[in-house]
Amino acid sequence: MYDPTVARLTYRALLGRRRALILGALPLLLIAISVVVRGLAGADDQTASDLLGGLALATMVPIIGVIAGTGAIGPEIDDGSVVYLLSKPVKRPTIIFTKLIVAIAVTMVFSAVPTFIAGFILNGNGQQIAVAYTVAALVASIAYAAIFLLLGTVSRHAVVFGLVYALVWEALFGSLVSGARTLSVQQWSLAVAHKVAGGDLVTSDVGLTTATILLAVVTVLATWYAGQKLRTLTLAGEE
């Protein structure tokens with residue numbers, strides 16, 4: 001289910017100079033803001049939780065997920081180079097799974113690592129805040145990568161749709177409409193973070209069991225459907 005050649009090509013595409021600069025911009029901004037906040041406000045658990053929840057988990061992680069998930073396959077479909085990949089003796093689900101692993105890895109590195117660094121800067125991991133949000137970023141990275149990889153497979157406007165979902169649905173509607181929070185990757189990952197941190201600093205509108213099930217179901221279904229769409233794309237190309 002994992003092809004090293006496909007993985008190498010995908011890493012090369014995602015970590016090219018231009019895209020790497022984009023991927024690194026938000027993590028550097030998060031760390032810089034954390035340094036300033038720590039210098040001005042000192043070590044404060046509530047401030048750390050608010051910043052990590054509002055900037056890292058609600059903004060940085062989904063945007064990086066959009067870039068990595070859609071970038072893992074979208075550009076190849078847009079410029080037609082995916083035809084050369086599909087002509088190789090590699091099963092379509094293997095292509096999708098390999099690209100998913102790469103997208104997850106890139107999203108985790110560029111989101112979870114800076115989240116932990118920022119949390120440690122803000123309050124030295126007091127009340128497990130840094131670890132809790134790092135775990136949340138890791139969990140969210142898996143679901144976001146699967147969702148946005150699917151979008152990259154089915155739409156030429158995947159980046160736009162991904163940003164609409166991340167910034168409008170999760171950030172806007174998720175903060176205003178209680179029902180929307182149940183269908184939010186952010187809230188699902190917060191449920192995991194709440195379990196890690198304990199206490200009341202990290203909260204979620206979704207229970208841990210529900211969140212775990214939804215994370216698994218969405219990831220599996222998105223990956224499976226992306227594989228099916230890639231098969232359809234192959235047939236269309238052959239015709």
Side-chain angles (χ1 to χ4, degrees), residues 1-28 56-57 60-116 134-163 165-166 185 189 215-231 233-234:
M1 291 297 291
Y2 182 84
D3 187 275
T5 301
V6 174
R8 185 174 65 254
L9 294 173
T10 307
Y11 275 119
R12 185 180 301 173
L14 285 179
L15 300 178
R17 182 176 300 177
R18 183 177 178 182
R19 188 168 277 114
L21 289 174
I22 298 174
L23 285 169
L26 278 175
L28 290 175
L57 195 61
M60 182 185 72
V61 180
I63 289 179
I64 290 176
V66 170
I67 297 171
T70 60
I73 195 169
E76 292 177 303
I77 294 177
D78 291 341
D79 62 20
S81 61
V82 71
V83 174
Y84 298 100
L85 178 62
L86 297 179
S87 66
K88 304 300 181 183
V90 182
K91 294 181 179 179
R92 307 306 175 252
T94 298
I95 295 174
I96 289 297
F97 184 77
T98 301
K99 288 182 173 292
L100 174 64
I101 295 300
V102 173
I104 289 173
V106 171
T107 306
M108 286 181 171
V109 169
F110 283 91
S111 61
V113 173
T115 296
F116 178 77
T134 299
V135 172
L138 290 171
V139 170
S141 295
I142 299 173
Y144 281 133
I147 292 170
F148 297 134
L149 178 64
L150 171 61
L151 282 178
T153 306
V154 302
S155 174
R156 292 182 178 272
H157 306 288
V159 174
V160 175
F161 291 137
L163 290 175
Y165 171 80
V185 174
S189 59
L215 283 166
V217 169
V218 166
T219 301
V220 171
L221 286 181
T223 305
W224 171 81
Y225 192 61
Q228 297 304 306
K229 293 302 292 183
L230 199 60
R231 279 202 183 96
L233 182 65
T234 304

- Mind jotting down which residue pairs meet the side-chain hydrogen bond (donor to acceptor under 3.5 Å, both in side chains) criterion with at least one end in residues 106-116? Sequence neighbours excluded, please.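 Residue pairs with at least one partner in residues 106-116: Ser111-Ser141.
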- Message: Show me the pairs that pass side-chain hydrogen bond (donor to acceptor under 3.5 Å, both in side chains) and involve residues 146-155, at least two apart or across chains.
- Response: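 Passing the test, one end in residues 146-155: no pairs.
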Can you tell me how far [atom2] of [Y] sits from [atom1] of [X], rounded to the nearest 0.5 angstrom?
{"X": "Leu150", "Y": "Trp224", "atom1": "CG", "atom2": "CH2", "value": "10.5 Å"}
{"X": "Glu76", "Y": "Leu86", "atom1": "CD", "atom2": "CG", "value": "8.5 Å"}
{"X": "Phe110", "Y": "Leu28", "atom1": "CZ", "atom2": "CG", "value": "9.5 Å"}
{"X": "Thr10", "Y": "Leu15", "atom1": "OG1", "atom2": "CG", "value": "10.0 Å"}
{"X": "Thr98", "Y": "Tyr11", "atom1": "OG1", "atom2": "OH", "value": "10.0 Å"}
{"X": "Arg8", "Y": "Thr5", "atom1": "CZ", "atom2": "OG1", "value": "4.5 Å"}

- Message: Over 60° means perpendicular and under 30° means parallel, so tell me whether Phe161 and His157 are parallel, tilted or perpendicular.
- Response: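 Rings of Phe161 and His157: perpendicular, over 60°.
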- Would Val109 and Leu23 satisfy side-chain contact (heavy atoms from CB on, under 4.5 Å), going step by step from the backbone distance to the final call? CA-CA 10 Å; Val109 169; Leu23 285 169; over 6 Å; no
What pair of heavy atoms forms the shortest contact from [X] to [Y], and how long is it?
{"X": "Ala13", "Y": "Arg19", "result": "O-NH1, 2.9 Å"}
{"X": "Leu230", "Y": "Arg92", "result": "CD2-O, 3.9 Å"}
{"X": "Ile77", "Y": "Gly152", "result": "CD1-O, 3.6 Å"}
{"X": "Phe97", "Y": "Tyr2", "result": "CD2-N, 4.5 Å"}
{"X": "Ala103", "Y": "Leu14", "result": "CA-CD1, 4.5 Å"}
{"X": "Pro114", "Y": "Met60", "result": "CG-CE, 4.2 Å"}

- Message: Would you say that Asp3 contacts Ile95 through its side chain, given a criterion of any heavy-atom pair below 4.5 Å between the two side chains?
- Response: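 They are not in contact (no side-chain heavy atoms under 4.5 Å apart), so the answer is no.
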Listed pairs under 3.5 Å, donor-acceptor, residues 61-71 side chains, sequence neighbours left out:
from	atom 1	to	atom 2	distance (Å)
Thr70	OG1	Val66	O	2.5

- Query: Quick one: which of Ile142, Thr223, Val185 gives a side chain to side chain contact (heavy atoms under 4.5 Å, CB included) with Ile147?
  - Reply: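 Of Ile142, Thr223, Val185, side chain to side chain contact (heavy atoms under 4.5 Å, CB included) with Ile147 is met by Val185 alone.
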- Message: Treating Lys99 as the side-chain partner and Ala72 as the backbone partner, does any N or O pair qualify as donor plus acceptor under 3.5 Å?
- Response: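 Present.
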